[in-house]
K.L.:
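Dumping the structure here so I can ask a few things about it.
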Number of protein chains: 2
Amino acid sequence: MFSIGELSHATGVKVPTIRYYEEVGLLEAEARTAGNQRRYSRAGLDRLGFIRHARDLGLSLDAIRALVALDPTNHDQTHEIAETHLSDIRARIGRLRRLEAELERIVAACDGGPGHECNILEAFGDHDSCAHDH
Amino acid sequence: MFSIGELSHATGVKVPTIRYYEEVGLLEAEARTAGNQRRYSRAGLDRLGFIRHARDLGLSLDAIRALVALDPTNHDQTHEIAETHLSDIRARIGRLRRLEAELERIVAACDGGPGHECNILEAFGDHDSCAHDH
DNA sequence: CTTGAACCTCTAGTCGCTAGAGGAATTATG
DNA sequence: CATAATTCCTCTAGCGACTAGAGGTTCAAG
């Protein structure tokens with residue numbers, strides 16, 4: 001059996017975060033010592049690793065809850081969650097690329113030469129000249 | 001003079017959000033009516049538009065606070081904020097692209113054929129086979 | 001058996017809003 | 001000018017996903 005600190009060390013998830021996951025029903029300790037300290041099995045450790053990785057992939061705790069509750073033979077549902085998230089990520093990438101383009105425009109608005117009016121602030125406020133979409 | 005609702009309508013920022021911006025010191029109403037309602041000048045409207053646009057660009061309220069407090073003749077500082085944010089966005093894009101690649105790998109791990117074990121859940125938990133970096 | 005590290009629960013704070021209660025002011029219509 | 005509809009006011013509480021700290025207990029090593 002592992003202590004909460006060992007789980008933390010093994011997965012890189014901080015101790016208070018592990019307790020938080022328990023609070024929201026994502027990961028419960030299999031046992032407690034006589035002195036009320038949490039003890040986890042290997043399965044608990046693996047589950048935390050899974051949660052950690054899914055979090056790194058940007059999934060919400062809600063999505064992860066759905067994932068761990070899933071019947072592993074249910075292909076359709078699993079695919080759906082993964083693909084929903086994938087298209088979500090693609091949308092975010094697209095959005096960020098538009099922001100990137102606009103910030104480039106803004107930075108380019110000022111050449112930094114001395115004795116010259118800096119247009120960056122103006123460009124920041126100027127929605128009209130931006131690409132569109134937000 | 002504009003009411004808070006007019007500002008909201010003109011900029012697309014919701015009324016409670018405008019009040020929130022006042023609370024955190026980003027935008028104060030120039031005046032109040034006898035009945036205590038907020039009134040804004042044209043300058044207030046423009047400032048809210050600026051905030052809105054900067055928010056859309058993904059800047060934090062802290063960064064915006066720094067931006068509006070800036071001496072407009074101070075090129076260096078303005079450039080620095082804009083470029084810090086730009087490299088920030090680029091880092092986020094890079095990160096999302098790696099997530100995208102990994103999710104593609106995960107979705108591809110299962111061909112969806114009947115009577116076959118779905119590997120998606122496994123792939124989600126399997127950090128070792130992912131590109132690296134997170 | 002003592003020390004010190006790790007653990008416990010609980011509350012409150014972070015960011016950027018959003019929602020709702022309960023009431024007052026303003027504006028439009030009859 | 002009265003009433004009704006709309007907008008406005010303040011205040012509190014909630015969201016997600018943690019993080020920080022207080023104050024106290026238990027565990028493992030020497």
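Naming: A, B, ... by sequence-line order, numbering from 1 per chain.
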K.L.:
When you get a sec, tell me which of C:dA25, C:dC8, D:dA17 is the closest nucleotide to the side chain of A:L61?
P.N.:
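Closest of the options to the side chain of A:L61: D:dA17.
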
K.L.:
Taking the nucleotide of DNA chain C with the nearest heavy atom to each, does B:A34 or A:Q37 sit closer to the 5' end?
P.N.:
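The residue whose closest nucleotide sits nearer the 5' end is A:Q37.
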
K.L.:
Hey, are the side chains of B:V24 and B:R65 touching, using non-hydrogen atoms and a 4.5 Å cut-off?
P.N.:
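Yes, close enough: below the 4.5 Å cut-off.
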
K.L.:
Walk me through it: do A:E22 and A:R19 pass the test salt bridge (Lys or Arg N to Asp or Glu O under 4.0 Å)?
P.N.:
CA-CA 5 Å; A:E22 178 175 313; A:R19 287 197 278 249; over 6 Å; no

K.L.:
Quick one: label B:R19 by what it contacts on the DNA or RNA (base, sugar-phosphate, nothing), any heavy atom closer than 4.0 Å.
P.N.:
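B:R19: base contact, heavy atoms under 4.0 Å.
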
K.L.:
It should be established whether A:R32 places a side-chain nitrogen or oxygen under 4.0 Å from OP1 or OP2 of nucleotide C:dT9.
P.N.:
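Answer is yes, contact under 4.0 Å.
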
K.L.:
B:R38 side chain N/O closer than 4.0 Å to the phosphate oxygens (OP1, OP2) of D:dC8?
P.N.:
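False: B:R38 side-chain N/O out of range (4.0 Å or more) of D:dC8 OP1/OP2.
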
K.L.:
Hey, is the side chain of A:S3 poking within less than 4.0 Å of OP1 or OP2 on C:dC7, counting only N and O atoms?
P.N.:
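Yes, A:S3 has a side-chain N/O under 4.0 Å of OP1/OP2 on C:dC7.
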
K.L.:
Let me know the distance between CG of A:L26 and P of D:dG16, rounded to the nearest Å.
P.N.:
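Rounded to the whole Å, the gap is 12 Å.
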
K.L.:
Nearest-Å distance, CG (A:D62) to P (D:dG16)?
P.N.:
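Going from CG in A:D62 over to P in D:dG16 covers 7 Å.
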
K.L.:
Measure the distance from CG on A:L27 to P on D:dA17 and round it to the nearest whole Å.
P.N.:
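One finds 16 Å between P of D:dA17 and CG of A:L27, rounded.
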
K.L.:
Taking only N and O in the side chain of A:R55, is any of them less than 4.0 Å away from OP1 or OP2 of D:dC18?
P.N.:
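Answer is yes, contact under 4.0 Å.
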
K.L.:
Taking only side-chain N and O atoms of A:T17, does any of them lie within less than 4.0 angstrom of OP1 or OP2 on D:dA17?
P.N.:
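Indeed not, no polar side-chain atom of A:T17 lies that close.
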
K.L.:
Provide, to the nearest angstrom, the distance between the NZ atom belonging to B:K14 and the C1' atom belonging to D:dC15.
P.N.:
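Those two atoms, NZ and C1', are 13 Å apart.
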
K.L.:
Whole angstrom is fine here: how far is it from OH in B:Y21 over to C1' in C:dG16?
P.N.:
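Atom OH in B:Y21 sits about 7 Å away from atom C1' in C:dG16.
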
K.L.:
Is it the case that more than 12 heavy atoms not belonging to A:E104 sit under 6.0 Å from its CD atom?
P.N.:
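It does: A:E104 CD has more than 12 such atoms within range.
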
K.L.:
Can you measure B:E23 atom CD to C:dT14 atom P for me and round it to whole angstrom units?
P.N.:
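Distance, rounded to whole Å: 12 Å.
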
K.L.:
Should B:R39 be listed as having a side-chain N or O under 4.0 Å from OP1 or OP2 of C:dA25?
P.N.:
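Looking at the OP1 and OP2 atoms of C:dA25, neither is under 4.0 Å from any side-chain N or O of B:R39.
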
K.L.:
Would you kindly compare A:G35 and B:E22 by the position of their nearest DNA chain D nucleotide and give the one closer to the 5′ end?
P.N.:
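Nearer the 5' end of the strand: B:E22.
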
K.L.:
Nearest nucleotide by nearest heavy atom, which residue falls closer to the 5' end of DNA chain C, B:L59 or B:T33?
P.N.:
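Residue closer to the 5' terminus by nearest nucleotide: B:L59.
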
K.L.:
To the nearest Å, give me how far apart CD1 (A:I4) and P (C:dT9) are.
P.N.:
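Answer to the nearest Å: 9 Å.
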
K.L.:
Do A:F2 and A:L48 come within less than 4.5 Å of each other through their side chains, counting heavy atoms only?
P.N.:
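Not touching, per the 4.5 Å side-chain cut-off.
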
K.L.:
Distance check needed: D:dC27 P versus A:M1 CE, whole Å only.
P.N.:
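Nearest whole value for this atom pair: 14 Å.
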
K.L.:
Within the distance-only criterion (no hydrogens, no angle test), does the side chain of B:S8 pair as donor or acceptor with the backbone N or O of B:I4 below 3.5 angstrom?
P.N.:
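Not a single qualifying donor-acceptor pair exists.
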
